Amino acid sequence: MNTTIKSGKTSNKFSLKPILLSAFLMSSGTLFSQNLKPVAYQDGSQKLNGLVTSNAGKKLPGVLILPAWKGIDDEAKTAAAELEKQGYIAFVADIYGEGNIPADNASAGKSAGYYKQNYEAYQKRITLALEQLKKNGAISNKIAVIGYCFGGTGALESARGSLPVVGVVSIHGSIGKDQTRKNGPISTKILVENPADDKSVTPEDYNNLIKEMNEGNADWQIITYAHSKHTFTDPKSPDYNEIMAKRAWNHTLMFLKEILK
């Protein structure tokens with residue numbers, strides 16, 4: 001079923017609860033990361049440093065997490081820890097590689113831009129991370145990809161490249177694609193979590209994505225979150241919207257449960 005859903009209105013009434021929850025979540029990535037194990041792997045001579053949850057080695061469904069444009073961050077680590085609680089092996093991918101982690105927004109934009117333009121290189125790095133996820137116990141036919149921001153682009157590239165996953169979730173991802181690329185068949189189930197006020201997503205990008213998914217005969221769904229700017233799920237961002245972030249995470253879990261369990 002192909003659907004577009006708009007999530008409802010939030011209250012502006014002052015409350016300490018969102019502030020306290022935000023403070024907790026901002027520190028939780030550091031706490032949870034203590035339970036994540038480093039995994040070194042290679043792309044040719046380039047060393048990559050991923051993270052895997054502590055349940056690695058068990059035969060469980062797997063979720064690959066693609067981080068935002070500055071590389072592995074607390075949001076990705078927190079997601080991994082929460083997914084482990086839900087019974088998944090989670091692996092946080094290193095797309096840039098050792099020695100190439102962006103230090104600021106300018107370098108992050110340049111690095112992310114390279115992989116967006118050279119999408120086959122991006123798909124290769126995702127494929128290498130998927131192999132590590134399988135090596136750490138994930139059931140090969142029960143794997144999904146979720147990605148934040150730049151990682152959301154990667155989630156869509158996983159579907160476009162027919163990588164061996166059953167579903168992808170793009171969370172405030174850059175959804176545009178070079179229109180000189182032809183649309184092809186898409187067998188991967190797709191969930192796009194789109195903030196309504198994301199200035200980086202144009203109406204043209206939005207409509208082209210729907211056209212692409214329909215022409216690919218994909219099973220897709222877009223959920224749009226009201227009063228939400230680009231990085232609305234990240235507690236460290238000024239764009240953070242606690243209510244909508246919680247809804248988005250619940251939608252992610254519901255999607256993963258449907259396709260992986």
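Predicted, not measured: the structure shown is a model, and the values here were computed from it.
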Are any side-chain N or O atoms of [X] and backbone N or O atoms of [Y], one a donor and one an acceptor, separated by less than 3.5 Å?
X	Y	value
Ser237	Pro235	no
Asn194	Ile222	no
Asn55	Tyr88	yes

In terms of heavy-atom contacts, does [atom1] of [X] have more than 12 from other residues, nucleotides or ligands at under 6.0 Å?
X	atom1	answer
Lys229	NZ	no
Lys261	NZ	yes
Glu204	CD	no
Asn118	CG	yes

Does [X] reach the side chain of [Y], with side-chain heavy atoms less than 4.5 Å apart?
X	Y	result
Val192	Leu156	yes
Val145	Thr188	no
Phe255	Lys189	yes
Met254	Lys257	no
Thr224	Tyr206	yes
Gln46	Asn100	yes
Val52	Phe91	yes
Tyr148	Asp234	no

Of all the heavy-atom pairs spanning [X] and [Y], show the shortest one and how long it is.
X	Y	answer
Ala218	Ile190	CB-CD1, 4.5 Å
His251	Leu191	O-CD2, 3.9 Å
Arg125	Asp43	NE-OD2, 2.6 Å
Ile126	Gly154	CD1-O, 3.4 Å
Thr53	Lys37	O-CE, 3.9 Å
Leu133	Gly62	CD2-C, 3.9 Å

Spatial distance of atom [atom1] ([X]) from atom [atom2] ([Y]) [nearest 0.5 Å]:
X	Y	atom1	atom2	answer
Thr78	Trp249	OG1	CH2	9.0 Å
Leu60	Gln86	CG	CD	12.5 Å
Thr252	Ile146	OG1	CD1	6.0 Å
Ile139	Ile89	CD1	CD1	8.0 Å
Asn208	Met213	CG	CE	11.0 Å
Asn183	Lys177	CG	NZ	3.5 Å

Point to revise | Shared hydrophobic cluster for Tyr119 and Val201 (ILVMFWY, side-chain gaps under 4.5 Å) | key: no
Please tabulate, for side-chain N and O atoms in residues 159-171, each donor-acceptor pair with protein atoms closer than 3.5 Å (sequence neighbours left out).
{"residue": "Arg160", "atom": "NE", "partner": "Glu212", "partner atom": "OE1", "Å": "3.4"}
{"residue": "Arg160", "atom": "NE", "partner": "Glu212", "partner atom": "OE2", "Å": "2.8"}
{"residue": "Arg160", "atom": "NH1", "partner": "Glu157", "partner atom": "OE2", "Å": "3.2"}
{"residue": "Arg160", "atom": "NH2", "partner": "Ile175", "partner atom": "O", "Å": "3.4"}
{"residue": "Arg160", "atom": "NH2", "partner": "Glu212", "partner atom": "OE1", "Å": "3.1"}
{"residue": "Ser170", "atom": "OG", "partner": "Gly152", "partner atom": "O", "Å": "3.1"}

Practice item. Would you kindly say whether Asn35 and Glu84 are connected by a side-chain donor-acceptor distance under 3.5 Å? Key: no
Practice item. May I ask you to say whether Lys134 pairs ionically with Glu131, meaning some side-chain N is under 4.0 Å from a carboxylate O? Key: no
Practice item. Sequence neighbours left out, what passes ring pair (Phe, Tyr, Trp, His ring centres under 6.0 Å) with Tyr96? Give chain and number order. Key: Phe150
Please table the atom pairs, donor to acceptor, closer than 3.5 Å between any side-chain atom in residues 104-114 and protein atoms at least two apart or in another chain.
{"residue": "Asp104", "atom": "OD1", "partner": "Ala106", "partner atom": "N", "Å": "3.3"}
{"residue": "Asp104", "atom": "OD1", "partner": "Ser107", "partner atom": "N", "Å": "2.8"}
{"residue": "Asp104", "atom": "OD1", "partner": "Ser107", "partner atom": "OG", "Å": "2.8"}
{"residue": "Asn105", "atom": "OD1", "partner": "Lys70", "partner atom": "NZ", "Å": "3.1"}
{"residue": "Ser107", "atom": "OG", "partner": "Ala103", "partner atom": "N", "Å": "3.1"}
{"residue": "Ser107", "atom": "OG", "partner": "Asp104", "partner atom": "N", "Å": "3.2"}
{"residue": "Ser107", "atom": "OG", "partner": "Asp104", "partner atom": "O", "Å": "3.0"}
{"residue": "Ser111", "atom": "OG", "partner": "Ser107", "partner atom": "O", "Å": "3.1"}

Review point. After noting the C-alpha distance and the side-chain angles of Asp94 and Tyr41, does the key distance pass the side chain to side chain contact (heavy atoms under 4.5 Å, CB included) rule?
Key: CA-CA 9 Å; Asp94 177 9; Tyr41 57 114; 4.1 Å; yes
